[in-house]
Amino acid sequence: MAVASKGTLIIEGHELTITNPEKPLWPEAGITKLLYLQKLLELAPYLLPYCRNRHLTTIRFPHGWAGKSFYQKNASTPLPSFVRLAPLDGIDYVNLDSLATLVWLGNLAALEFHPSFHRIGDPLPAEWIIDLDPSREEEPRIMEAAHLIGEALDALRIRSVPKTSGATGVQIYIPIEPGCTFDQLRRLGRFIGEYAVHKHPKLFTIERLKKNRGDLIYVDYLQHWPGKTLSAPYTPRAKPGATVSTPLLWSEVELRPSPREFTLHTVPDRLRRMGDLIAATPRQNLMPLLARL
């Protein structure tokens, strides 16, 4: 029986051509391009708020997650009429602000979505993120590390949300009131990192060079900066099993879950049950604390 090489979808009144809908993108997870697009539609109400009005970088995998890939900053051409651009420094980034744009990118085999830390036209950070980056491929201590950073933030009366990166790391996400600069948050991040290293020298490091970290977990406070990106909340990742970057409850972190538990198959139902844990967290006013540093 012949397999269709093209199909069409009507999204928000726009007709999109879907090429190779049966192409396996995560073959071990049984996820074809068509199923991937269906999962993106389920994730969209949660993913889009963290990509909308940002400068978007995607990672495309034309032959599935295990194949060759490339980062894409400049929008692909030809550009559909519904896709809005976000020019910056000579680059025509995509503004991922609609379902139609999300499906268009999904059809291009964009498997990961990495937005800027600031919104279009605003030089100030939209949130604050501390990235915990393991030095080992398998790091059973990553949830312990996240818990300890969470405790340090809690001692400073900063509410935060841990989220799996979708790969091996964990990112600590702090919704913030507007007004902080990137430089101020970098100084606060360094303070947190140095404190963690002082208290737990056999677990944490702030050494930038990976070759000098040994098996320590890097408290990366430098990544949160203009021009840099991290995986968006609820983005899929090009990893075995089709993992998804997923916010967690701190009570879940205490149970030391594996990031591999959170996938395109499991996260949509989790979101229907639990909603967006980041959106449920109040924005933090960091200005009094910053004034004391």
Side-chain angles (χ1 to χ4, degrees), residues 4 6-23 25-26 29 31-62 64-65 71-87 92-116 119-121 126-127 163 166 229-238 242-247 262-280:
K6 286 187 179 181
T8 59
L9 289 176
I10 305 297
I11 305 291
E12 297 176 327
H14 304 287
E15 183 175 303
L16 283 80
T17 299
I18 307 304
T19 56
N20 301 310
E22 298 305 317
K23 174 177 284 188
L25 296 181
W26 285 271
I31 296 177
T32 62
K33 182 189 284 188
L34 183 59
L35 182 55
Y36 174 53
L37 297 180
Q38 292 171 347
K39 294 298 183 181
L40 282 182
L41 291 174
E42 293 183 82
L43 291 174
Y46 308 95
L47 173 63
L48 288 179
Y50 299 99
C51 297
R52 184 180 291 120
N53 296 326
R54 311 274 186 126
H55 303 276
L56 183 74
T57 299
T58 62
I59 311 180
R60 290 176 56 186
F61 293 78
W65 77 267
Y71 282 79
Q72 183 149 21
K73 295 180 181 288
N74 269 303
S76 293
T77 56
L79 198 68
S81 61
F82 54 80
V83 176
R84 296 173 62 205
L85 297 180
D92 284 331
Y93 292 92
V94 169
N95 177 1
L96 177 47
D97 63 349
S98 68
L99 279 175
T101 301
L102 180 61
V103 172
W104 173 69
L105 289 169
N107 181 61
L108 294 175
L111 304 189
E112 299 192 9
F113 303 91
H114 297 248
S116 61
R119 295 185 176 91
I120 297 168
E127 64 276 307
K163 80 175 183 76
T229 65
L230 276 178
S231 54
Y234 312 112
T235 180
R237 298 301 303 270
T243 52
V244 172
S245 180
T246 305
F262 306 98
T263 73
L264 283 173
H265 289 303
T266 63
V267 168
D269 182 61
R270 172 187 173 87
L271 289 170
R272 284 187 284 269
R273 289 185 289 106
M274 301 178 66
D276 181 1
L277 298 179
I278 294 174

Separation of [Y] [atom2] from [X] [atom1] (nearest 0.5 Å):
| X | Y | atom1 | atom2 | answer |
| --- | --- | --- | --- | --- |
| Leu271 | Thr246 | CG | OG1 | 7.5 Å |
| Glu127 | Ile278 | CD | CD1 | 8.5 Å |
| Leu105 | Leu37 | CG | CG | 10.5 Å |
| Thr101 | Ile11 | OG1 | CD1 | 11.0 Å |

Sequence-distant partners of Arg270, salt bridge (Lys or Arg N to Asp or Glu O under 4.0 Å), two or more places apart: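 Residues passing salt bridge (Lys or Arg N to Asp or Glu O under 4.0 Å) with Arg270: Glu252.
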Residues in salt bridge (Lys or Arg N to Asp or Glu O under 4.0 Å) contact with Lys33, at least two apart in sequence or another chain: none
Side-chain heavy-atom pair [X], [Y] within 4.5 angstrom cut-off:
| X | Y | answer |
| --- | --- | --- |
| Pro80 | His14 | no |
| Tyr36 | Leu264 | yes |
| Leu79 | Leu85 | yes |
| Val94 | Thr58 | no |
| Leu43 | Pro236 | yes |

Ring geometry between Tyr93 and His55 (parallel below 30°, tilted from 30 to 60°, perpendicular above 60°):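 Rings of His55 and Tyr93: perpendicular, as their planes differ by over 60°.
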Identify the heavy atoms of [X] and [Y] that sit nearest to each other, and give their distance.
| X | Y | answer |
| --- | --- | --- |
| Arg54 | Ala126 | NH2-CB, 3.5 Å |
| Glu12 | Ala100 | OE1-N, 3.2 Å |
| Ile31 | Ala242 | CD1-CB, 3.5 Å |
| Glu42 | Pro268 | OE1-CB, 3.5 Å |

Indicate yes or no for a side-chain donor-acceptor contact from [X] to the backbone of [Y] under 3.5 Å, with no hydrogens or angles considered.
| X | Y | result |
| --- | --- | --- |
| Asp92 | Asn74 | no |
| Thr32 | Glu22 | no |
| Lys23 | Gly64 | no |
| Thr235 | Ala232 | no |
| His265 | Ala29 | yes |

side-chain hydrogen bond (donor to acceptor under 3.5 Å, both in side chains) partners for Trp104, two or more places apart: none
Residues which pass side-chain hydrogen bond (donor to acceptor under 3.5 Å, both in side chains) with Ser76, listed by chain and number, not counting sequence neighbours: Arg60, Gln72
Derivation and outcome, side chain to side chain contact (heavy atoms under 4.5 Å, CB included), residues Leu41 and Leu99: CA-CA 7 Å; Leu41 291 174; Leu99 279 175; 3.8 Å; yes
List the atom pairs, with distances to 0.1 Å, where a side-chain N or O of residues 46-53 and a protein N or O form a donor-acceptor pair under 3.5 Å, not counting sequence neighbours.
from: Tyr50; atom 1: OH; to: Asp276; atom 2: OD1; distance (Å): 3.3
from: Tyr50; atom 1: OH; to: Asp276; atom 2: OD2; distance (Å): 2.6
from: Asn53; atom 1: OD1; to: Asn95; atom 2: ND2; distance (Å): 3.3

Side chain to side chain contact (heavy atoms under 4.5 Å, CB included) between Leu40 and Phe113, intermediate numbers included: CA-CA 11 Å; Leu40 282 182; Phe113 303 91; 4.1 Å; yes
Pairs touching residues 97-112 that satisfy salt bridge (Lys or Arg N to Asp or Glu O under 4.0 Å), sequence neighbours left out: Arg84-Asp97, Glu112-Arg237
Worked check of side chain to side chain contact (heavy atoms under 4.5 Å, CB included) between Leu25 and Phe61: CA-CA 8 Å; Leu25 296 181; Phe61 293 78; over 6 Å; no
